[in-house]
Amino acid sequence: MAVHDDCKLKFLELKAKRTHRFIVFKIEEKQKQVIVEKLGEPTESYEDFTKCLPADECRYAVYDFDFLTAENVPKSRIFFIAWSPDTSRIRSKMIYASSKDRFKRELDGIQVELQATDPTEMGLDVFRNGKLGISELCHKTFISLDDDKPVVS
């Protein structure tokens, strides 16, 4: 599966310039390549991001997650999300699953990977409960949400 140059370019913009909050990627089966489907503005929320994922089609996405440490220091982590809803076509699930690792290698700087088949597997409550293994990425710290602001303790 080829990766369109725009995917790498927009990811670098998200990572280095922070010009995007998230990017949703789609596999164009006829062209046999991954393309950018949607760019999220820096002001958009996680809820805005989740609304961009189709209910019955697979996608890849990256999300720039901002949080505060216990010392009140702003930090961010870049999440890679493999969205594969139960209602999507079997062929689509197979294509996305078999292409995921190669595509991820093209995006240098991903810090957390999440695989989700329904919205409950990627909601903010997943962050609150620490189910993403973030504690290991944040040097044995845990991200929780206080007043909807992420805090690392």
Engineer: Please report the C-alpha distance between V36 and F25 in whole Å, then the side-chain angles of each, then the deciding distance to 0.1 Å, and finally whether the side-chain contact (heavy atoms from CB on, under 4.5 Å) criterion is met.
Structural biologist: CA-CA 5 Å; V36 172; F25 303 96; 3.9 Å; yes
Engineer: Minimum heavy-atom separation for R18 and S76, please, with both atom names.
Structural biologist: NH2-CB, 3.7 Å
Engineer: Look at atom CG of D108 and say whether more than 12 heavy atoms of other residues, nucleotides or ligands are closer to it than 6.0 Å.
Structural biologist: no
Engineer: For A61 and L53, which heavy atoms make the closest approach, and how far apart are they?
Structural biologist: CB-CD2, 4.5 Å
Engineer: Starting from V112, can I reach I78 by hopping between I/L/V/M/F/W/Y residues whose side chains sit under 4.5 Å apart?
Structural biologist: no
Engineer: What distance separates E37 CD from E57 CD, expressed to the nearest 0.5 Å?
Structural biologist: 7.5 Å
Engineer: Output all residues satisfying side-chain hydrogen bond (donor to acceptor under 3.5 Å, both in side chains) with E47, sequence neighbours left out; order by chain, then residue number.
Structural biologist: K51
Engineer: Applying side-chain contact (heavy atoms from CB on, under 4.5 Å), run through S99 and V34 and close with a yes or a no.
Structural biologist: CA-CA 9 Å; S99 304; V34 182; 5.7 Å; no
Engineer: Hydrophobic cluster membership, with links at side-chain heavy-atom distances under 4.5 Å among I/L/V/M/F/W/Y: are L107 and Y96 in one?
Structural biologist: yes
Engineer: What are the two closest heavy atoms between I95 and Y60, and how far apart are they?
Structural biologist: O-OH, 4.2 Å
Engineer: Give a yes or no on whether L114 and Y63 share a hydrophobic cluster (residues Ile, Leu, Val, Met, Phe, Trp, Tyr; joining criterion: side-chain heavy atoms under 4.5 Å apart).
Structural biologist: yes
Engineer: Is there a path from M122 to F79 through hydrophobic residues (I, L, V, M, F, W, Y) whose side chains come within less than 4.5 Å of each other?
Structural biologist: yes
Engineer: Output yes when a side-chain donor or acceptor of W83 lies under 3.5 Å from a complementary backbone atom of T50, and no otherwise.
Structural biologist: no
Engineer: Show which side-chain atoms of residues 2-11 pair as donor or acceptor with protein atoms under 3.5 Å away, not counting sequence neighbours.
Structural biologist:
residue : atom : partner : partner atom : Å
H4      : ND1  : D6      : N            : 2.9
K8      : NZ   : E106    : OE1          : 3.3

Engineer: Is there a donor-acceptor pair under 3.5 Å between the side chain of E28 and the backbone N or O of Q33?
Structural biologist: no
Engineer: Take F49 and I81 through the test side-chain contact (heavy atoms from CB on, under 4.5 Å) and record every step on the way to the result.
Structural biologist: CA-CA 11 Å; F49 161 66; I81 297 156; 3.5 Å; yes
Engineer: Counting N and O atoms only, with roles assigned by atom type, does the side chain of S92 sit under 3.5 Å from a partner on the main chain of R89, one being a donor and the other an acceptor?
Structural biologist: no
Engineer: Quick check on the hydrophobic clustering: are F80 and V24 connected, directly or via other members, by side-chain heavy-atom contacts under 4.5 Å?
Structural biologist: no
Engineer: Atom NE2 of H20 and atom CD of E13: how far apart are they, to the nearest 0.5 Å?
Structural biologist: 4.0 Å
Engineer: Might you point out which heavy atoms bring C58 and S84 nearest each other, and give the distance in Å?
Structural biologist: SG-OG, 3.6 Å
Engineer: So, taking the atom named NZ in K26 and the one named NZ in K38, what distance separates them when rounded to the nearest 0.5 Å?
Structural biologist: 14.5 Å
Engineer: Between NZ of K100 and CZ of R105, what distance do you get to the nearest 0.5 Å?
Structural biologist: 11.5 Å
Engineer: Checking R21 now: which residues fulfil side-chain hydrogen bond (donor to acceptor under 3.5 Å, both in side chains) with it, not counting sequence neighbours?
Structural biologist: D66
Engineer: To the nearest 0.5 angstrom, please state how far the CG atom of D86 sits from the CG atom of D56.
Structural biologist: 12.0 Å
Engineer: Mark yes or no for whether K15, through its side chain, and I110, through its backbone, hold a donor-acceptor pair below 3.5 Å.
Structural biologist: no
